[in-house]
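This is a predicted model, so every value here is computed, not measured.
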Amino acid sequence: PMVERFWVRRGIAHQENNEYPEALACYAVASNLNTANPLNNFFSAECYAKIMDLASARAEIETGKKIIQEQQLEDNPQIKH
């Protein structure tokens, strides 16, 4: 289904069962369906950290932070970097 919530919940279920590659695949679909939700990146970062892929974990965290910063700028254009 093309519903972000479905893929996030499926990812969480896989993550809770230590099925990190499957969880990452689900979070990737969720991210593609909604690029404005940083939680998908943070969930992915947790999975990458569990499999000791720290570079990918950091990249996901940075992407999530960037999404939040962009949303803050859209909500309040007076904010400067």
Side-chain angles (χ1 to χ4, degrees):
M2 303 306 286
V3 179
E4 178 194 15
R5 185 181 308 179
F6 170 83
W7 291 103
V8 171
R9 289 181 178 173
R10 189 171 180 166
I12 290 169
H14 283 299
Q15 188 174 352
E16 288 176 349
N17 287 309
N18 300 323
E19 299 165 344
Y20 302 114
E22 294 86 350
L24 286 165
C26 291
Y27 296 140
V29 173
S31 289
N32 287 331
L33 292 172
N34 183 3
T35 59
N37 186 353
L39 290 178
N40 298 322
N41 301 94
F42 297 136
F43 289 144
S44 293
E46 289 178 338
C47 291
Y48 281 122
K50 289 288 189 179
I51 61 174
M52 299 307 293
D53 183 348
L54 301 183
S56 294
R58 278 189 216 99
E60 290 289 348
I61 291 168
E62 290 304 315
T63 300
K65 287 169 51 177
K66 183 178 176 184
I67 292 168
I68 291 169
Q69 290 169 344
E70 289 171 356
Q71 289 171 350
Q72 289 173 337
L73 286 174
E74 288 174 9
D75 292 343
N76 189 356
Q78 292 84 13
I79 295 176
K80 299 195 180 190
H81 289 268

Examine distances only and state if a side-chain atom of Trp7 and a backbone atom of Met2 form a donor-acceptor pair shorter than 3.5 Å.
-> no
In short, Gly64 meets Pro38 closest at the heavy-atom pair O-CB, 3.5 Å
Between Asn34 (side chain only) and Ala30 (backbone N and O only), is there a donor and an acceptor less than 3.5 Å apart? no
message: Test of understanding: clusters of I, L, V, M, F, W, Y form through side-chain heavy atoms closer than 4.5 Å, transitively. Do Ile51 and Leu54 belong to the same one?
response: no
Between the CG atom in Leu39 and the CD1 atom in Ile67, the distance rounded to the nearest 0.5 Å is 9.5 Å
Interatomic distance, OG@Ser56 vs CG@Leu24, rounded to 0.5 Å, equals 8.5 Å
Mind checking whether Leu33 and Phe6 have side chains closer than 4.5 Å, heavy atoms only?
no
Answer yes if the side chains of Tyr27 and Gln15 hold a donor-acceptor pair under 3.5 Å, and no otherwise. yes
Residue pair Phe42 / Asn37, side-chain heavy-atom distance below 4.5 Å
no
Check your understanding: Is Val8 linked to Ile68 within one hydrophobic cluster, defined over Ile, Leu, Val, Met, Phe, Trp and Tyr using a side-chain heavy-atom separation of less than 4.5 Å?
Key -> yes
Rounded to the nearest 0.5 Å, the NZ atom of Lys66 sits from the CD atom of Gln71 at a distance of 12.5 Å
Open item on the list: Checking side-chain polar atoms at under 3.5 Å, does Glu4 have a donor or acceptor matched by the opposite partner on Asn40?
Closed with: yes
Distance col, row Glu62:CD vs Asn41:CG, nearest 0.5 angstrom, shows 11.0 Å
dist Phe43:CZ -> Glu60:CD (nearest 0.5 Å) comes out at 12.5 Å
For Ala23 and Gly11, the nearest pair of non-hydrogen atoms, with its separation, is CB-O, 3.4 Å
The reported gap from CD in Glu22 to CZ in Arg10 (rounded to nearest 0.5 angstrom) is 9.5 Å
